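Atom set for the values below is all heavy atoms of this structure, side chains included, hydrogens, waters and symmetry mates excluded. Because the structure is a prediction, the values reported are computed rather than measured. Throughout, a chain's letter reflects where its sequence line sits, starting with A, and its residues are numbered from 1.
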Protein chains: 2
Amino acid sequence: MPKRRLDNDFALKAQDRLRAAGLRPTRQRVGLAQLLFNGPCRHLTAEDLFAEAAAAEISVSLATVYNTLHQFVEAGLLREVLAEPGRAYFDTDVSNHHHFFHADTGMLQDIPEDAVVIAALPAAPEGARIGRVEVVIRLEKAGA
Amino acid sequence: MPKRRLDNDFALKAQDRLRAAGLRPTRQRVGLAQLLFNGPCRHLTAEDLFAEAAAAEISVSLATVYNTLHQFVEAGLLREVLAEPGRAYFDTDVSNHHHFFHADTGMLQDIPEDAVVIAALPAAPEGARIGRVEVVIRLEKAGA
DNA sequence: TTTCCTCCTTAGAATCCTTCTAAATTGTTG
DNA sequence: CAACAATTTAGAAGGATTCTAAGGAGGAAA
């Protein structure tokens, strides 16, 4: 039984994950997948991930970070969240849930799925079907 | 009794509206307010409004359109809606309602308030209060 | 109405985030 | 290992929005 470092384990898992999604497990994609999916779920921007990669000495260009994030969204590995205009946030939690958005800090915070109960939805207009229902609760500072 | 053209009536209404919101009724703000608030509610971008102003021969710079839109949001005359990353939409309907977002066309469509019923919301985190609850229902093309 | 002061508008540059480009590299398959 | 297609890259390009510094306009008071 070959000895393995933890890093390699993670790398292998990431590889499988990518292959399962139909994405070639390149060095860059594996590295980014490790950063994204090892550890707890969180929200980040492309720049955030680019900085993390640099810190982790994973050599990758910003263009590839953008490409990879979109491919991961496409593949269902990530979700894109709308919070602020002019900046895209990505959520490593792809399960069905909603968000608080702290208007003062620009921070996103998860809301567990069952904390929001939607009792009625309209029918989709002709020719369309409902893809996803996204609830964002904007938060202001308390003493306003 | 002085004779008045319809335009002037609208202009007077817009002036009052601006004054009530604490905004000086400048030529540009009055013009934009007329474009925005005469006629049915709708969604538009800064560029849309800039083009409408040009078409209506209201001389105003793009910078002022942006400034004015934000001031109107601040004053509660408009709402900003999140739909696509990288582009801000403004909604002339400030009443409580939600939106369909057509993923293929980028179009926003209003949902009457009572078509979405939210039965439970989480409490706001410590130090914050809930500002607004925004529901966006993403629509895909039907045959997908 | 004239003055004065402040707020507002402006054109253009600047900035920010994101995508594109064309060339070099890498993964995969035979 | 060769060959091919997919991927990565740096830098340029793009689009939306904000900033800047200067001139212009509202309106309160004289």
Side-chain angles (χ1 to χ4, degrees), chain A residues 11-12 14-35 43-54 57-75 77-78 80-90 106 108, chain B residues 11-12 14-35 43-54 57-75 77-78 80-90 106 108:
Chain A
L12 288 178
Q15 283 202 8
D16 293 343
R17 207 159 177 162
L18 291 173
R19 262 191 248 275
L23 294 170
R24 258 201 214 171
T26 64
R27 199 162 8 84
Q28 292 85 343
R29 296 212 267 233
V30 171
L32 294 178
Q34 288 184 79
L35 288 177
H43 311 103
L44 33 61
T45 64
E47 291 283 353
D48 292 339
L49 183 57
F50 183 60
E52 283 189 21
E57 307 202 328
I58 294 168
S59 153
V60 63
S61 71
L62 183 56
T64 297
V65 171
Y66 275 100
N67 288 340
T68 303
L69 285 170
H70 289 141
Q71 290 154 356
F72 284 12
V73 168
E74 197 76 15
L77 268 37
L78 282 180
E80 190 170 2
V81 188
L82 294 171
E84 283 178 296
R87 181 180 246 86
Y89 287 84
F90 295 87
L108 276 178
Chain B
L12 288 178
Q15 283 203 7
D16 293 342
R17 207 160 176 161
L18 291 173
R19 263 190 246 276
L23 293 169
R24 252 199 217 172
T26 64
R27 200 162 6 82
Q28 292 85 342
R29 296 213 268 233
V30 171
L32 294 178
Q34 289 183 80
L35 289 178
H43 310 105
L44 35 61
T45 65
E47 291 283 355
D48 292 339
L49 183 56
F50 183 59
E52 283 190 21
E57 306 204 328
I58 294 168
S59 152
V60 63
S61 71
L62 184 55
T64 296
V65 171
Y66 275 101
N67 289 339
T68 302
L69 284 171
H70 289 142
Q71 290 154 357
F72 283 12
V73 168
E74 197 76 13
L77 267 40
L78 281 181
E80 191 170 1
V81 189
L82 294 171
E84 280 181 299
R87 183 182 244 86
Y89 286 85
F90 296 87
L108 275 179

Distance col, row L18(B):CG vs Q71(B):CD, nearest 0.5 angstrom, shows 9.5 Å
Test item: E47(A) and L62(A) side chains (from C-beta on) under 4.5 Å apart, heavy atoms: yes
Rounded to whole Å, CZ of R29(A) lies from C1' of dT28(C) at a distance of 13 Å
Interatomic distance, CG@L49(A) vs CG@L32(A), rounded to 0.5 Å, equals 5.0 Å
**Prompt:** With distance as the sole criterion, is a donor-acceptor pair present between the side chains of N67(B) and T64(B) under 3.5 Å?
**Reply:** no
| Do any side-chain nitrogens or oxygens of T64(B) fall under 4.0 Å of OP1 or OP2 in dT9(C)? | no
Taken to the nearest whole Å, CG/L82(A) to C1'/dT18(C) is 15 Å
#### Entry: Within-4.5 Å side-chain heavy-atom neighbours: F72(B) and L23(B)
yes
Check your understanding: Looking for any heavy atom pair under 4.0 Å, which part of the strands does S59(B) touch: base, sugar-phosphate only, or nothing?
Key -> sugar-phosphate
Would you say V65(A) and T68(A) make side-chain contact, with heavy atoms under 4.5 Å? no
When rounded to whole Å, the CD to P distance for the pair E74(A) and dA6(D) reads 16 Å
task = Answer whether the closest heavy-atom distance between the side chains of L44(B) and E52(B) falls below 4.5 Å.
result = yes
In whole angstroms, the gap separating C1' of dT7(D) from CD of Q71(A) amounts to 8 Å
Is it the case that over 12 heavy atoms from other parts of the model lie below 6.0 angstrom from the CD atom of E80(A)? yes
Letter by letter from the 5' end, nucleotides 17-30 of chain D scores (B base, S sugar-phosphate only, - none; protein heavy atoms under 4.0 Å) BBB-----SSS---
In whole angstroms, the gap separating C1' of dT10(C) from CG of L32(B) amounts to 14 Å
One would report the end-axis bend of the helix from dT1(C)-dA30(D) to dG30(C)-dC1(D), five pairs per end and rounded to 10 degrees, as 30°
Separation of dA16(D) atom C1' from E84(A) atom CD, nearest Å, is 15 Å
From CG of D48(B) across to C1' of dA16(D) the rounded distance in Å is 13 Å
Between CG of L49(A) and C1' of dC17(C) the distance, given in whole Å, is 15 Å
So CZ of F90(A) and CG of L78(A): to nearest 0.5 Å the spacing works out to 7.5 Å
